[in-house]
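The block underneath contains the structure these notes are about, expressed in structure tokens.
Predicted model only: the values in this text are computed from it and were never measured. Computed over heavy atoms, backbone and side chain alike; hydrogens, waters and symmetry mates excluded.
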Amino acid sequence: MPDPRSSPPAAARRERILSIIEERGFAKVAQLSQLFDISEVTVRSDLDALAEAHAVHRVHGGAVAGSGAVIVGRHGSLERAFEHSMLAGQQEKARIGREAASLVQSHQAIVLDVGTTTTAIASALLDRDDLQGVVVITNALNIALLLEPVIPRFTVVVTGGTVRPLQHSLVDPLAGVVFDRIRADLAFIGCSGVHAVSGVTNVNLPEADLKRRMLEASARCIVVADSSKLGITQLSRVAPIDEIDTLITGVEADASELGLLAATGLRIVLAR
């Protein structure tokens, strides 16, 4: 995880605070104040905001991980359920989704990764009446169902595999087999963190493995990440920055983080 003292904006700071609480199970106000070099009043405000979003439970002196907002993975990692993640940054994700969907052309094959931001792409594709013959390959059950109304104008291919609880995603065994047999024009990949040095990372190992397979099967890779993901490093590496063609994020993104990413040569598109 990057140095918390880099004074991230409120949204990114709260994302980091949530990651700490989910990792440790509990965090004290005084500890977070010292760690982030902010006042205890600001910490309490952040914790109250996270509690209102049902991400944590407030307790005397701090906060604990919200039992209904996270799930425990096979490797002990904690992550928020899909429906909870949908509550965060909805407007920003919708703009990112529209920007990403504008890149799709008729008769292309695209990969849509699991996630709330890629779901926003699927929603934006529903409004693209000009598109014909698009093939969408996805490991997200919710995205497949969302796109059902545009069949047969679109062809929707679901990878198969093992269902991950609360994420509506399909992972190995079997989910990756389809990517050995296709070549897509575009892959839209979601993630838990984008860092200039650490690259694109994800909190969940099985999903990260499948994201790498998606990249290998696609001519171009576009990472979609809301501003809270920038500067963050998570457990499992998906790809180094130089393997990513474009990052689409929101105008809310921290300027210093954008500068570090741009210095790597990464093309960055800000969704307005």
Between the side chain of Gln31 and the main-chain N/O of Lys28, is any donor-acceptor distance below 3.5 Å?
yes
Over all atoms of both residues, closest heavy-atom pair of Ser106 and Val134
CA-CG2, 4.2 Å
Interatomic spacing from CD in Glu243 to CG in Asp245 - rounded to 0.5 Å
10.0 Å
Donor-acceptor contact below 3.5 Å, side chain Arg14 vs main chain Leu18:
no
Side chains of Val194 and Glu257: does their closest heavy-atom pair fall under 4.5 Å?
no
Please determine, by modelled atom types, if Ser192 and Asn202 share a side-chain donor-acceptor pair under 3.5 angstrom.
yes
Going by an N to O cut-off under 4.0 Å, is there a salt bridge joining Arg44 and Glu40?
yes
Are the side chains of Arg128 and Val150 in touch, meaning some heavy atoms are under 4.5 Å apart?
no
Chi angles and distances behind the side-chain hydrogen bond (donor to acceptor under 3.5 Å, both in side chains) call for Asp254, Ser227:
CA-CA 7 Å; Asp254 179 69; Ser227 57; over 6 Å; no
Can you tell me how far the CD atom of Glu252 sits from the CD atom of Gln91, to the nearest 0.5 Å?
8.5 Å
To check you understand the geometry: which heavy-atom pair defines the closest contact between Ala63 and Val56, and what is its length?
CB-CG2, 4.1 Å
Same hydrophobic cluster for Leu103 and Leu125, using side-chain heavy-atom links shorter than 4.5 Å among ILVMFWY?
yes
Indicate whether any N or O donor in one side chain lies under 3.5 Å from an N or O acceptor in the other, for Asp113 and Thr138.
no
For the SG atom of Cys221 and the CG atom of Leu186, what is their distance to the nearest 0.5 Å?
9.5 Å
To the nearest 0.5 Å, what is the distance between CD (Glu207) and CE (Met214)?
8.5 Å
Salt bridge check, Arg220 against Asp185: does any charged N sit closer than 4.0 Å to a carboxylate O?
no
How close do Ser198 and Thr233 get, counting heavy atoms only, and between which atoms?
OG-OG1, 3.0 Å
Evaluation steps, side chain to side chain contact (heavy atoms under 4.5 Å, CB included), between Leu146 and Thr119:
CA-CA 8 Å; Leu146 182 63; Thr119 297; 4.1 Å; yes
Flag side-chain contact, heavy atom, 4.5 Å: Leu50 against Arg58
no
Side-chain heavy atoms nearer than 4.5 Å, only ILVMFWY residues, links allowed to pass through others: does that put Ile248 and Val238 together?
no
Side chains of Val224 and Ile121: closer than 4.5 Å at any heavy-atom pair?
yes
Side chain proximity check, Ile268 to Thr246, heavy atoms < 4.5 angstrom
no
Applying the 4.5 Å side-chain criterion to the ILVMFWY set and letting contacts propagate, would Phe188 and Ile182 be lumped into a single cluster?
no
To the nearest 0.5 Å, tell me how far Leu247 CG sits from Leu258 CG.
8.0 Å
Could you measure the distance from the CG atom of Leu32 to the CG atom of Leu47? Nearest 0.5 Å is fine.
6.0 Å
Please name the pair of heavy atoms, one in Leu210 and one in Leu170, separated by the smallest distance, quoted to 0.1 Å.
CD2-O, 3.2 Å
For the backbone of Ile232 and the side chain of Arg16, can you confirm whether one donor and one acceptor N or O come within less than 3.5 Å of each other?
no
The test is side chain to side chain contact (heavy atoms under 4.5 Å, CB included); show your working for Arg95 and Val251 and say whether it passes.
CA-CA 10 Å; Arg95 296 198 310 273; Val251 292; 3.7 Å; yes
For Gly190 and Thr118, the nearest pair of non-hydrogen atoms, with its separation, is N-CG2, 4.1 Å
I'd like to know whether Val114 forms a side chain to side chain contact (heavy atoms under 4.5 Å, CB included) with Ile143, so could you lay out the CA-CA distance, the side-chain angles of the two residues, the decisive distance to 0.1 Å, and finally the verdict.
CA-CA 8 Å; Val114 68; Ile143 287 178; over 6 Å; no
Are Leu145 and Val156 joined in one hydrophobic group, where the rule is that I, L, V, M, F, W and Y side chains link up if heavy atoms are under 4.5 Å apart?
no
Arg213/Asp180 under side chain to side chain contact (heavy atoms under 4.5 Å, CB included): CA gap, chis, key distance, verdict:
CA-CA 8 Å; Arg213 302 281 288 276; Asp180 295 331; 3.2 Å; yes
For Leu260 versus Ala196, what's the shortest heavy-atom pair and its separation?
O-CB, 3.7 Å
Main-chain N/O of Thr201 paired with Arg237 side-chain donor or acceptor, under 3.5 Å
no
Strictly below 4.0 Å, N to O, side chains only: are Asp127 and Arg98 in salt-bridge contact?
no
Quick check on side chain to side chain contact (heavy atoms under 4.5 Å, CB included): which of Ile17, Thr42, Asp46 does Phe36 satisfy it with?
Ile17
Over 12 non-hydrogen atoms of neighbours within 6.0 angstrom of CZ in Arg153:
yes
Could you tell me if Thr117 and Lys93 have a donor-acceptor pair between their side chains, going purely by distance under 3.5 Å?
no
Any heavy-atom pair between the side chains of Ile244 and Ile222 that's under 4.5 Å?
no
Non-hydrogen side-chain atoms of Asp172 and Pro206 separated by less than 4.5 Å:
no
Any Leu215 side-chain heavy atom under 4.5 Å of Ile189 side chain:
yes
Is it true that, when you exclude Arg183 itself, more than 12 heavy atoms of the residues, nucleotides or ligands shown sit nearer than 6.0 Å to its CZ?
yes
Does Ile137 belong to the same Ile/Leu/Val/Met/Phe/Trp/Tyr cluster as Val177, with side-chain heavy atoms less than 4.5 Å apart forming each link?
no
